[in-house]
Amino acid sequence: MESYQFINEKNLDQFHKMLSTKIRNGFVIVEHNEKLPYVVLSKQKKEINHSLHLFFTCITLGFWSIVWFYLIITLSKKKNILVALDEDGNLFEEKCLDK
C-alpha cells in the first residue's frame, strides 16, 4: 500500500479506531479509499414517535417539548461525514455537504 511518508501505523490505528466507533454509532460506509486514506460515512435520519412525545408534553405541562424539539432538530437530518488522515498524518473529521 502506497501512502504519504508522514502516515505511520499509529496514525492508521487511530483512523481505524475512529472509523469503528462511527460504525458502532450507526454510520455506514459510503466511500472508502485506503491509498489516501479517507472514508465517507452516512447516517440516515431517524423517525420520531410524535404521538408519544405529545403525550409526554401534555403530562409534563409542556416541559417535555424542549426535549421533543431537540430530537426533531438532531435526529431528523441525514448526516454525511468525512473521516481522513491528511498529508501530515493528522486525523480529522468534517461534515459533507448534502446533494
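- With values rounded to the nearest 0.5 angstrom, Leu85 atom CG is found 9.0 Å from Asn8 atom CG.
- Hydrophobic clustering, with ILVMFWY side chains joined whenever heavy atoms are under 4.5 angstrom apart, keeps Ile66 apart from Phe56.
- Residues Leu41 and Leu75 do not share a hydrophobic cluster, clusters being chains of Ile/Leu/Val/Met/Phe/Trp/Tyr side chains in contact below 4.5 Å.
- In plain terms, the two heavy atoms of Leu12 and Pro37 that are nearest each other are CD2-CG, 4.0 Å.
- Atoms NE2 and CG, from His16 and Asn11 in turn, are 11.0 Å apart once rounded to the nearest 0.5 Å.
- Side-chain N or O atoms of Asp86 include one that pairs as donor or acceptor with a backbone N or O of Asp88 at under 3.5 Å.
- The two residues Ser42 and Val30 make their nearest non-hydrogen contact at CB-CG2, 3.4 Å.
- Closest approach of Tyr38 to Ala84, counting heavy atoms only: CB-CB, 3.5 Å.
- Across every non-hydrogen atom of Ile29 and His32, the tightest pair is CG2-CB, 4.0 Å.
- Linking ILVMFWY side-chain heavy atoms closer than 4.5 Å, directly or via other members, places Ile48 and Ile59 in a single hydrophobic cluster.
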Between Lys77 and Lys45, is a side-chain contact (heavy atoms from CB on, under 4.5 Å) present by the stated rule, with each step listed? CA-CA 5 Å; Lys77 296 179 189 174; Lys45 65 181 182 175; 5.7 Å; no
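- The backbone N or O of Asn25 sits less than 3.5 Å from a side-chain atom of Lys43, completing a donor-acceptor pair.
- From His50, atom NE2 reaches atom CH2 of Trp68 across 7.0 Å, with rounding to the nearest 0.5 Å.
- Interatomic distance, CG of Leu91 versus NZ of Lys17, reported as 11.5 Å (0.5 Å rounding).
- Taking both residues in full, the closest heavy atoms of Thr74 and Lys79 are given as O-NZ, 3.3 Å, listed atom of the first, atom of the second, then distance.
- Annotation: Phe69, atom CZ; neighbour count of heavy atoms from other residues, nucleotides and ligands within 6.0 Å does not exceed 12.
- Ring geometry, His53 versus Trp64: the interplanar angle falls under 30°, so the pair is classed parallel (tilted spans 30 to 60°).
- To the nearest 0.5 Å, atoms CD (Glu94) and CD1 (Ile81) are separated by 11.0 Å.
- The shortest distance between side-chain heavy atoms of Phe27 and Leu19 does not fall below 4.5 Å.
- Note: Gln14 CD to Lys10 NZ = 6.0 Å, rounded to the nearest 0.5 Å.
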